[in-house]
2 protein chains.
Amino acid sequence: MLSIGDLSKRTGVKVPTIRYYEQMGLLAAAERSEGNQRRYERQDLERLAFIRHARDLGLDISAIRELIALSQHPHQPCGDVDRIAGDHLVSVREKIEKLKKLEQELERIVSHCNGDHAIEDCYVIRSLSDHGLCDGEH
Amino acid sequence: MLSIGDLSKRTGVKVPTIRYYEQMGLLAAAERSEGNQRRYERQDLERLAFIRHARDLGLDISAIRELIALSQHPHQPCGDVDRIAGDHLVSVREKIEKLKKLEQELERIVSHCNGDHAIEDCYVIRSLSDHGLCDGEH
DNA sequence: TATGTATCTCCAGAGACTATAGGTTTGGAG
DNA sequence: CTCCAAACCTATAGTCTCTGGAGATACATA
């Protein structure tokens, strides 16, 4: 039996965050000690690892809740699961595209600025003021 | 003189967001009509475009506040401006790297799942449960 | 037993908005 | 000029995913 602190150390998830996940219904309410402290088992450790992993991948709480619910009906076909992960893949790719454009623009902006001319001539400020100086759209 | 709604339409920034920016000190408190409604000029339109543009690039409110303050001392050298944009470029690059890892992992996960087998055998669920199945770190 | 660390609950805050409620002003049609 | 709908005002609360603190209780060790 693990305390909430043990669970926290083993998963890298902070203690208040574990309680938050419980409150959000991602973790089942843990058993309690006589003194009302949460006690966890290996199963909870795996569940929390699942949650952490899914969060790292950028899935939001409701998507994770959905996946957990689906995983508890193991004999249904997994189309929904596939859809959730697939949808997320699409949004990750979109984010990457956007950030790449930003990177290019920031590079361009910064490269014109060597830090030793006056602000009134600074390309950073001018670029931010005037979208027309941008190469692409964003 | 533009109303807040006009300003909103011209910049694509929602009305409550404009008021929020004023509250956060990014926009100066606007002049008011006799009936206490905000009235804007071209100058404000440019300022708001600056803010919108910087936000689109992912700069946060405090960075933008800093840039605005700097831009009001146009005869100082622009080293700080350069630093703010450069720092941001670094963080954008880091985000891109992380997202690319996620993309790879999601691709791998989804490619194993054709949607018609049972959830108990589903690679998505198993991958999320067991970090050990991942290729890289994240 | 005493002490120090860990845990409990509840509540507030962060960041960047967004939405609602209830009241006032504006601008155009009749 | 009057009327009405749309736009505006303020103030407040909610979103999402945590994170941190206060004050009280439990546990582990010397």
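Convention: sequence-line order gives letters A, B, ...; per-chain numbering from 1.
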Who passes side-chain contact (heavy atoms from CB on, under 4.5 Å) against [X], sequence neighbours left out?
X: Arg93(A); result: Leu89(A), Glu103(B), Glu107(B)
X: Arg42(A); result: Glu46(A)
X: Glu41(A); result: Met1(A), Glu31(A), Asp44(A)

query = Which residue lies toward the 5' end of DNA chain D, Arg39(A) or Lys9(B), if each is placed at its nearest nucleotide?
reply = Lys9(B)
task = Would you mind telling me which residue lines up with the more 5' stretch of DNA chain D, Val15(B) or Met24(A), judged by nearest nucleotide?
result = Val15(B)
request  = Compute the angle between the rotation axes at the two ends of the helix from dT1(C)-dA30(D) to dG30(C)-dC1(D), each taken over five pairs, rounded to 10 degrees.
outcome  = 10°
ask   = Hey, does the side chain of Arg38(A) come within less than 4.0 Å of dC8(C)'s phosphate (OP1/OP2), counting only N and O?
value = yes
Sequence neighbours left out, what passes side-chain hydrogen bond (donor to acceptor under 3.5 Å, both in side chains) with [X]? Give chain and number order.
X: Glu66(B); result: Arg83(B)
X: Asp87(B); result: none
X: Ser62(B); result: Asp60(B)

So which protein N/O to nucleotides 17-21 of chain C N/O distances come out below 3.5 Å?
{"residue": "dC17(C)", "atom": "OP2", "partner": "Tyr21(B)", "partner atom": "OH", "Å": "2.9"}
{"residue": "dC17(C)", "atom": "OP2", "partner": "Arg55(B)", "partner atom": "NE", "Å": "2.7"}
{"residue": "dT18(C)", "atom": "OP2", "partner": "Thr17(B)", "partner atom": "OG1", "Å": "3.1"}

inquiry  = Using a 4.0 Å cut-off on heavy atoms, which residues in residues 28-36 of chain A reach DNA chain C? List them by number, or say none.
reply    = Arg32(A), Asn36(A)
Donor-acceptor pairs under 3.5 angstrom involving side-chain atoms of residues 10-21 of chain B: please list them, not counting sequence neighbours.
{"residue": "Thr11(B)", "atom": "OG1", "partner": "Leu7(B)", "partner atom": "O", "Å": "2.8"}
{"residue": "Thr11(B)", "atom": "OG1", "partner": "Val13(B)", "partner atom": "N", "Å": "3.2"}

I want to check something: taking the side chain as every heavy atom from C-beta on, are [X] and [Y] in contact at a cut-off of under 4.5 Å?
X: Gln37(A); Y: Ile4(A); result: no
X: Ser3(B); Y: Arg38(B); result: no
X: Leu48(B); Y: Tyr40(B); result: no

key: Where Ser33(B) and Arg39(B) come nearest, the two heavy atoms and their spacing   = CB-NE, 3.8 Å
ask   = If every non-hydrogen atom of Ile68(B) is compared with every non-hydrogen atom of Leu26(B), which pair is closest and at what distance?
value = CD1-O, 3.6 Å
task = Measure from CE on Met1(B) to C1' on dT26(C) and round the result to the nearest Å.
result = 15 Å
inquiry  = Whole angstroms only, please: what is the CG-P distance between Leu7(A) and dA6(C)?
reply    = 15 Å
note = Span of DNA chain D engaged by chain A, first through last nucleotide within the 4.0 Å heavy-atom cut-off, is dT17(D) to dC27(D)
Non-neighbouring partners of Arg52(A) that pass salt bridge (charged side-chain N to carboxylate O under 4.0 Å, His left out), sequence neighbours left out = Asp56(A)
